[in-house]
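Please read the structure below before turning to the comments.
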Amino acid sequence: MNLLSALNDRQRLAAATTEGALLILAGAGSGKTRVITYRIAHLIAEKDVPPYNILAVTFTNKAAGEMRERVEKLLRETGVKLNSAPLVTTFHSLCVRILRVNIEKLEQGYTRAFTIYDQDDSTRIIKACLKDLGYDDQRLGARNVQSAISASKNSGLDAELYAARVESSDERKVAISRAFKLYEDRLRSNNALDFDDLLIKAVSLLRKDEATRARYNDRFRYILIDEYQDTNALQFALIRYLTEKTQNVCVVGDEDQSIYKWRGADISNILNFEQHYPEANIVRLEQNYRSTQNILDTAGAVVRNNTERKGKTLWTSNTAGDSIRYYQAIDGDAEARFVAAKIDEHLRRDKGARCAILYRTNSQSRVFEEALRRAGIAYNIVGGFSFYERAEVRDVVSYLKLALNPQDNIALLRVINSPARGLGKTTLDELDRQARDYGMSLWETILLITNGESANNRLAPRAVSALKNFHNIITHLVTVAAKEPASEVVKAAILDTGYSAALKAENTDEAEARIENLQELVNAAVDFDDTEDDDADAVSDDAIDEDSRQGLRSFIDSAALSSDTDKIESDAKVTMLTVHSAKGLEFPVVFIVGLEDGLFPHSRSASDKAELEEERRLMYVAITRAERFLYVSHAMRRRVYGEEMASEPSQFLNEMPLDLMEDLTRGASWLSFARNSSRTENAHAARALRGETTRSTVPKTSPAKTYDSVESIAEFFRQRGTSMSGGSSSRPSSSSTSPKQRASSPSPPPSNDITPGTHVRHPKYGRGLVLRREGVGDAAKLTVSFPGYGQKKLIEKFAGLEKA
DNA sequence: GAACTTGCTGAATTG
DNA sequence: CAGCAAGTTC
């Protein structure tokens, strides 16, 4: 029987080409996952390849899990008996597996008990590093330093190489480079790796140790890489090392869906695949099974504006389908209400309709949450606070980490005084001082102190006994961890540490919720223990599996490597998520919201052509998630930083075929104007329109214009005259009060020459516009906007201002 | 030593 | 509007 007969010709070719390098260029919705799963099944069932010789790598755990399931199902249906399973996993967990067995061979001082630090952990370390270096003023944010370090690591520069490249005149980079070095030292002394290190160390290991490399080459005879367009230099190196021997590598990707450049993804990996593997075969999958013709045309029209692409033409035999539905909302709330109403309609008409709300940034989710809640619609939200990021979960996990790796200072500091056990700042400072003196970890220092062996201990007896108490708690956990399954250790970390007792004592709803979360953690651990038992049935002949069955360790690893997207419920009625996390998913009904200039495309990518192209690919990804109904919307005004700001329609709207759109706006909209003008004039039309529409739809309470630039503020004041002064509450940029109401509201008479709306001259900043005035007399504070310098707050008395 | 208050600054996307 | 750091009070 032929397994592959269920595929179309191209798909079949891709699945059946098993030897040598293969590049599958798979357009959105072209059945990529299907091809991969059939390919794996084909290898096993029809080519008699032992499953353990197969490695498939994806970017998310969820994708890996699904693929595993689908392969299993397929093989079950064909009646194949398995005595091992193909390894389907993510880059990060693959690296962890390799390192847990081999990291000591790197000879960098790491042991296989190493801890994985997530972003939050590493931010903490960087903060501490900056502080120790005396950079604790805020000119150098920890997050900025962190992303600089991460970018550097991903491009293959370690701390030394980075330092070598820094000009000594560049103070900022010199500071970063010092922090970088210190950060690396700290990681090492904590026996900890950050996310980037997982890849770096695995690659270094393969580079360094020929035997290890040979062993894995032998093990993984057939390798598949999903989402290849998102691989970075390190991942590429990893693949190169692993495929050294057989060259049996199959990569699947779509350059139009490359959206992780900012994370180091190198699109040239896919664009130059044929150069990297000269014998490579290429198969293009261009038939789309997912979307209607209209949706596909819209996506194609947008992405055609990009220059950096191989170019492919998606086609479908699906019907044209409905028009793209467009809506222009007054503000963010109105947009959310619109979406909620439409979702309600869809769900009433078709109970099975799955809807998705896609936005550019997570912070946009809130209004939609509120609108849906008010409308009584259940929803699922991806991102934001994930389970493993909750404080109480992190605390308990830190206890677990500590039980396995007591050198982990970050974990220790996290839990040493939670619940409170009398180990406050004073004690910790002294502990830290001694640890530095001895050059030891905090844990080792605690051992010295509690044994009374610390020569220069200045701690009060009370503090020492508190430390003894803590020491006992951890030692106890260590013994539990040594002999019990993961779930039992988790229970011990919650109960025997006094953690849950302290929560219970709080006796609040919040504490109650936390206890429930911890219960959830126990459940997760129980599940984990169960699946581990199942896995134990499978035969494994290689060291890569041997260590992965140390329950607690791998439970913690999986927690560290878990992500929001792993918990997407594919059958939820309504899902809210960022476009990034929507990649790979599909929904019958899709809302792309917040299509405004500065939001989508995001303002930080506006200046750079390459970044703008990435935003456009992101738009392409968003559009192609839709199967049948696509809604696009934008708001005229939006709250930013808690302040209402005017917003322009996104340029991407303008790139869509306007004749495929149906306007659901009541009254005139950007779209109706755009249709009547040529494309080049659209932007202009949008601007002209802003005055018109808002005036007609919101006659009284909202002003026709929002004053968001120095010019328009100046204009505003010209119209009002300079009669309004004082009153710090009359913020010109806030549009919640209409000009009329303001003019008639009682405001004190001008008491000073320099009032809001007047131009002034500053000795250093030059000419500027006064925006607001606070306080009286000598204490008067002015907010002045200086072109090129931004807004400054000045004390009038000292500022040396004169009218200009 | 811990809980509370204030003031300030600053948002993108993720394993 | 938020989260965070520093200051304030019990």
In whole angstrom, what separates [X]'s [atom1] from [N]'s [atom2]?
X         : N       : atom1 : atom2 : answer
Glu227(A) : dG15(B) : CD    : P     : 12 Å
Glu370(A) : dC1(C)  : CD    : C1'   : 12 Å
Phe387(A) : dG15(B) : CZ    : C1'   : 19 Å
Asp197(A) : dG15(B) : CG    : C1'   : 13 Å
Lys131(A) : dA6(C)  : NZ    : C1'   : 10 Å
Gln235(A) : dG15(B) : CD    : P     : 12 Å
Gln146(A) : dG15(B) : CD    : C1'   : 13 Å
Asp120(A) : dG3(C)  : CG    : C1'   : 13 Å

Considering residues at least two apart in sequence or located in another chain, which fulfil the salt bridge (charged side-chain N to carboxylate O under 4.0 Å, His left out) criterion with [X]?
X         : value
Asp566(A) : none
Glu255(A) : none
Asp395(A) : Arg414(A)
Arg394(A) : Asp118(A), Asp120(A), Asp121(A)

Look at the aromatic rings of Phe368(A) and Tyr359(A) and report parallel, tilted or perpendicular, splitting at 30° and 60°.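 Rings of Phe368(A) and Tyr359(A): parallel, as their planes differ by under 30°.
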Between dT13(B) and dC4(C), how far apart are the P atoms? Round to whole Å, please.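 After rounding to an integer number of Å, I get 15 Å for this pair.
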With Glu335(A), which residues qualify under side chain to side chain donor-acceptor pair (under 3.5 Å), at least two apart?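 Only Ser633(A), Arg638(A) meet the side chain to side chain donor-acceptor pair (under 3.5 Å) criterion with Glu335(A).
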Can you name the side chain to side chain contact (heavy atoms under 4.5 Å, CB included) partners of [X], sequence neighbours left out?
X         : answer
Asn405(A) : Thr115(A), Asn191(A), Gln407(A), Asp408(A)
Arg390(A) : Phe387(A), Glu392(A), Val393(A), Asn517(A)
Arg421(A) : Tyr399(A), Asn417(A), Pro419(A), Leu423(A), Asn469(A), Phe470(A), Ile473(A), Thr497(A)
Ser650(A) : Leu595(A), Pro601(A), Phe652(A)

Does a salt bridge link Glu512(A) with Lys504(A), judged by any charged N lying under 4.0 Å from a carboxylate O?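 So Glu512(A) does not pair with Lys504(A) through a salt bridge.
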Need one value for [X]: base, sugar-phosphate or nothing, where a base atom within 4.0 Å counts as base even if backbone is also close, heavy atoms only.
X         : value
Phe59(A)  : sugar-phosphate
Lys583(A) : nothing
Thr427(A) : sugar-phosphate

Look for any protein N or O under 3.5 Å of an N or O in nucleotides 7-10 of chain C and output each such pair with its distance, or none.
none

Any protein N or O atoms within reach of nucleotides 12-14 of chain B? Criterion: under 3.5 Å, listing atom names and distances.
residue: dA12(B); atom: O4'; partner: His602(A); partner atom: NE2; Å: 3.4
residue: dA12(B); atom: N3; partner: Arg360(A); partner atom: NH1; Å: 3.3
residue: dA12(B); atom: N3; partner: Arg360(A); partner atom: NH2; Å: 2.7
residue: dT13(B); atom: OP1; partner: Asn362(A); partner atom: N; Å: 2.9
residue: dT13(B); atom: OP1; partner: Asn362(A); partner atom: ND2; Å: 3.2
residue: dT13(B); atom: O4'; partner: Arg360(A); partner atom: NH2; Å: 3.4
residue: dT13(B); atom: O2; partner: Trp262(A); partner atom: NE1; Å: 3.1
residue: dT13(B); atom: O2; partner: Arg360(A); partner atom: NH2; Å: 2.7
residue: dT13(B); atom: O2; partner: His580(A); partner atom: NE2; Å: 3.3
residue: dT14(B); atom: OP1; partner: Thr578(A); partner atom: OG1; Å: 3.0
residue: dT14(B); atom: OP1; partner: Ser581(A); partner atom: OG; Å: 3.4
residue: dT14(B); atom: O4'; partner: Arg263(A); partner atom: NH1; Å: 3.3

Output one line per pair: protein atom, nucleotide atom from nucleotides 2-4 of chain B, and distance, for all N/O pairs under 3.5 Å.
residue: dA2(B); atom: OP1; partner: Asn417(A); partner atom: ND2; Å: 3.1

